[in-house]
Number of protein chains: 4
Amino acid sequence: MTPTRRRDKAATRAALLDAARLRFARHGYDGTGVREIAADAGVDPALVFRYFGSKKELYAQAVRPEIPEGLADGTDRSAAVLADTLLHEVVLADWDEYGGEHPLLVMLRSSGRAEVREQLRAQLCDGYLRQFAERLPGTSPELRAEMLGALLLGLGVMRSVVGSPALNAASPERTRALFARVVAPLVEEE
Amino acid sequence: MTPTRRRDKAATRAALLDAARLRFARHGYDGTGVREIAADAGVDPALVFRYFGSKKELYAQAVRPEIPEGLADGTDRSAAVLADTLLHEVVLADWDEYGGEHPLLVMLRSSGRAEVREQLRAQLCDGYLRQFAERLPGTSPELRAEMLGALLLGLGVMRSVVGSPALNAASPERTRALFARVVAPLVEEE
Amino acid sequence: MTPTRRRDKAATRAALLDAARLRFARHGYDGTGVREIAADAGVDPALVFRYFGSKKELYAQAVRPEIPEGLADGTDRSAAVLADTLLHEVVLADWDEYGGEHPLLVMLRSSGRAEVREQLRAQLCDGYLRQFAERLPGTSPELRAEMLGALLLGLGVMRSVVGSPALNAASPERTRALFARVVAPLVEEE
Amino acid sequence: MTPTRRRDKAATRAALLDAARLRFARHGYDGTGVREIAADAGVDPALVFRYFGSKKELYAQAVRPEIPEGLADGTDRSAAVLADTLLHEVVLADWDEYGGEHPLLVMLRSSGRAEVREQLRAQLCDGYLRQFAERLPGTSPELRAEMLGALLLGLGVMRSVVGSPALNAASPERTRALFARVVAPLVEEE
DNA sequence: TATGAATGAGGTTTCATTCAT
DNA sequence: TATGAATGAAACCTCATTCAT
């Protein structure tokens, strides 16, 4: 634990990314200034451009959800278990780095930008859902995967953005149970 | 045919909206300047703010479709039929004529602001979903209503923002059928 | 007499030009910031770009000596009288707008820039000296004109840039008398 | 002959000074970057600060005209001969180290800085001209010395900065002859 | 009401300078 | 000791937005 992190490229980069994540999550792309991010990180605004080239690139790197373990690791899980895992990740988990929201939701907030939409699409369809579709049985697994993605995304939005009362008041177990019944037609044999 | 369109408020507004639609569609939000839009419309840039308040609001209005009437009328429908109707209006309707943007997404984009979030919550929970919950049988109809709302919201986002391929490629009938099976646990007796 | 000059385009432009003249004169092109000029003029820095497009253009317009009357008007004067007039203009006169220096000297201070050098050459050779050469008798009037120009320029430099003591202490009459004897070989018949 | 000049403090210093002289002479203080100088010298930019402390100090040390032999050596010359010598040194000579200009002219190019102006004044008045004044006959030799200095300075400026055509085209003999006639009233008995 | 001058915040770059190896 | 990466200040310029006429 070094008392001063000065002259430490990695630490500076990380500090910028952390600060950017929070600011972007809370105030969106346009509502966030490079100077504010730098101030939060305690460094000079110029370093944003030294390390990331542009505000857009910083955004792209800051708000970039890693493919969650549930999909990335080699473990073979059933689609039903996977759906439950994703529910945890997207809806129920605490994303402190992102101000309590899943990065995908954060990106949604800045979806006015074409680049953000493209990033969103790539992360979601090419990242999450395609791997998910591969484990789904029956016909048109892609469509079913996307509908499951829609439900997860929607739940995340309802919870964090809309602040829907019943969803937030319900116990995780209750939510999981209802969710399981809803996605059953998607993850089970037709 | 008036030789000059000056002093015609409605025409000026319409001209601004038309010009904005075109510019925004071609060059995106950031690539479009207020001055360019005003120049295209042949009016002073300040009128954008007089009539629309801000560039963002002009964007929102330029690419905004009409609010769907699905829940507004007094017709009494069963929960299952209502869900199907909403699916049509929110998800399947052809938004391309309006630039492919759903009004809820526009609000979602500004959800960094607390006022917008509150408005979103009020319209969605107190407006749409409560009426929907009243028609749902079984326990905790609110939670189920919100989960249905989440699915609809998510589907809209997937289609227009994310541009998910399978959802856009699937026939409306196919989507409706799958959707019906998914929402069955929500709209039917427990 | 308006107490406030706000919202007055002409006054703002003039204020910027005045402030720019002084700053550029004293600190050179690179030593002067747009913000400082704007602060001196009491306006926003952005107006520099609104009215002049760039710092360079502001410089070009601010430090642009009008051809002095001594050469511009149609009056036919002898070369000797003209030299005396120029001595006044370049060396002895008070150029309060330019911080006490002739614009040509001010340009000299920024002559590191190629554009400034070109502007300097054009003003001096094509403006002042060619007209002067036309009135000189004898052989190679251009060379003599340029040597006279050199003396005038040098005197200006000595006085304001170098701050030479004797030249500043001497009475104008004394300087004029000595100057007249020195330039005599240039302005008289060979 | 060492294959590499690394680890040779004196050589590095000298290389930096040489490179600095040329860059500063051609592009002025502000137009010259420390990195460019270091690149020309083939060393790391940080060495500028190791050896000279700052860019300003490097400038001061690089652009420091030695008192020319014409005045420094003990030889007793007449004022007329001296003027001719100075003409050679300041105007006609090739100052290859300084990019073809006398160091005094080089300093003039950076005279936006107060320190440079002070250095210029000291070199010129206290160095060159005072010694020159001591050899001048008649009344007010200082004033005459400064006027001679002005002519020399002005000629240098005209030649290198302004790029005056006739002065550069004329043969050295022609220039010397005309110069001699002009300075005659200064160097001769009144 | 319509105009256009004024504004200030923000993105980006350049550059002198300093620390860590 | 010499290097080069890291730093931060300052600058330019654009653009959405507001204000006075």
Side-chain angles (χ1 to χ4, degrees), chain A residues 2 4-13 30-39 42-58, chain B residues 6-9 12 29-38 43-59, chain C residues 4-13 16 30-38 41-58, chain D residues 5-9 12 29-38 43-58:
Chain A
T2 54
T4 63
R5 296 255 173 120
R6 296 179 63 184
R7 302 281 161 177
D8 186 340
K9 177 176 179 173
T12 298
R13 250 191 76 104
D30 287 311
T32 300
V34 169
R35 292 193 192 15
E36 295 165 327
I37 295 172
V43 302
D44 191 273
L47 296 185
V48 167
F49 301 93
R50 177 165 201 79
Y51 291 142
F52 302 96
S54 71
K55 179 189 176 185
K56 287 181 184 175
E57 185 57 25
L58 171 60
Chain B
R6 296 176 61 185
R7 312 282 165 170
D8 188 340
K9 185 171 176 175
T12 298
Y29 184 85
D30 282 315
T32 301
V34 169
R35 292 210 251 265
E36 297 165 324
I37 294 172
V43 303
D44 192 274
L47 294 185
V48 167
F49 301 93
R50 179 160 211 82
Y51 289 147
F52 301 96
S54 73
K55 179 189 177 184
K56 288 178 185 174
E57 183 58 23
L58 170 60
Y59 176 82
Chain C
T4 64
R5 295 257 173 118
R6 295 179 63 186
R7 305 281 161 174
D8 186 339
K9 178 174 178 174
T12 299
R13 252 191 75 104
L16 280 172
D30 286 307
T32 300
V34 168
R35 291 212 249 267
E36 298 164 324
I37 295 173
V43 300
D44 192 274
L47 294 183
V48 167
F49 303 95
R50 177 167 202 77
Y51 291 142
F52 302 97
S54 72
K55 180 188 175 185
K56 286 182 185 175
E57 184 57 25
L58 171 60
Chain D
R5 291 274 172 104
R6 296 175 62 184
R7 314 280 165 172
D8 187 340
K9 185 170 174 175
T12 298
Y29 181 87
D30 287 308
T32 300
V34 168
R35 290 211 253 264
E36 297 164 325
I37 295 172
V43 302
D44 191 275
L47 295 185
V48 166
F49 301 92
R50 178 160 210 81
Y51 289 150
F52 301 95
S54 73
K55 180 187 175 185
K56 286 180 186 175
E57 184 56 26
L58 171 60

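Throughout, protein chains are lettered first and strands after them, A, B, ... in sequence-line order, and every chain is numbered starting at 1. Hydrogens, waters and symmetry mates play no part in the numbers below; they use all other heavy atoms, side chains included.
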- Query: Looking at the side chain of C:R50, which of F:dC13, E:dT17, E:dA5 is the nearest nucleotide?
  - Reply: E:dA5
- Query: Whole Å only: how far is the CD atom of C:E36 from the C1' atom of F:dA11?
  - Reply: 10 Å
- Show your working on side chain to side chain contact (heavy atoms under 4.5 Å, CB included) between C:T12 and C:K9 and close with a plain yes or no. CA-CA 5 Å; C:T12 299; C:K9 178 174 178 174; 5.8 Å; no
- Query: Mapping C:D44 and A:A46 to their closest nucleotides on DNA chain E, which lands nearer the 5' end?
  - Reply: C:D44
- How close do D:P45 and D:R35 get, heavy atom to heavy atom, and via which atoms? CG-CG, 4.2 Å
- Between atom CD in D:E57 and atom C1' in E:dA16, what is the gap in whole Å? 15 Å
- Task: Please report the closest heavy-atom contact between B:D44 and B:A38, naming both atoms and the distance.
- Result: C-CB, 3.9 Å
- Message: So if I take every side-chain heavy atom of A:L47 and compare against E:dT7, F:dT7, F:dC12, which nucleotide ends up nearest?
- Response: F:dT7
- Proximity to the side chain of D:F49 - top-ranked nucleotide from F:dA16, E:dT18, F:dC12: E:dT18
- Message: Under 3.5 Å, is there any donor-acceptor pair linking the side chain of C:R35 to the base of F:dA10?
- Response: no
- Separation of E:dT12 C1' from A:K56 NZ (nearest whole Å): 13 Å
- Taking OP1 and OP2 of E:dA5, is either one under 4.0 Å from a side-chain nitrogen or oxygen of C:T12? no
- Query: Which base, if any, makes a Watson-Crick or G-U wobble pair with E:dT21, both distances under 3.5 Å?
  - Reply: F:dA2
- Query: When you measure from the centre of the six-membered ring of B:Y29, is the NZ or CZ of B:K56 under 6.0 Å away and within 45° of the axis?
  - Reply: no
- Nearest-Å distance for atom pair CG/P, residues A:D8 and E:dC19: 15 Å
- Task: Specify the separation, in whole Å, of atom CG of C:D30 and atom P of E:dA16.
- Result: 11 Å
- Take C:V34 and B:G53, find for each the nucleotide of DNA chain F with the closest heavy atom, and name the residue whose nucleotide sits nearer the 5' end. C:V34
- Query: So which one's nearest nucleotide on DNA chain F is more toward 5', B:K55 or A:V43?
  - Reply: A:V43
- Task: Determine the minimum heavy-atom distance between A:K55 and A:F49, stating which atoms define it.
- Result: N-CE2, 4.2 Å
- Query: Can you tell me if the side-chain N/O atoms of A:K9 get under 4.0 Å from OP1 or OP2 in F:dA5?
  - Reply: no
- Message: With a 3.5 Å limit on both atom pairs, tell me what F:dT7 is paired to, counting Watson-Crick and G-U wobble, or say none.
- Response: E:dA16
- Task: Please work out if A:Y51 contacts a base, only the sugar-phosphate, or nothing of the nucleic acid, heavy-atom cut-off 4.0 Å.
- Result: sugar-phosphate
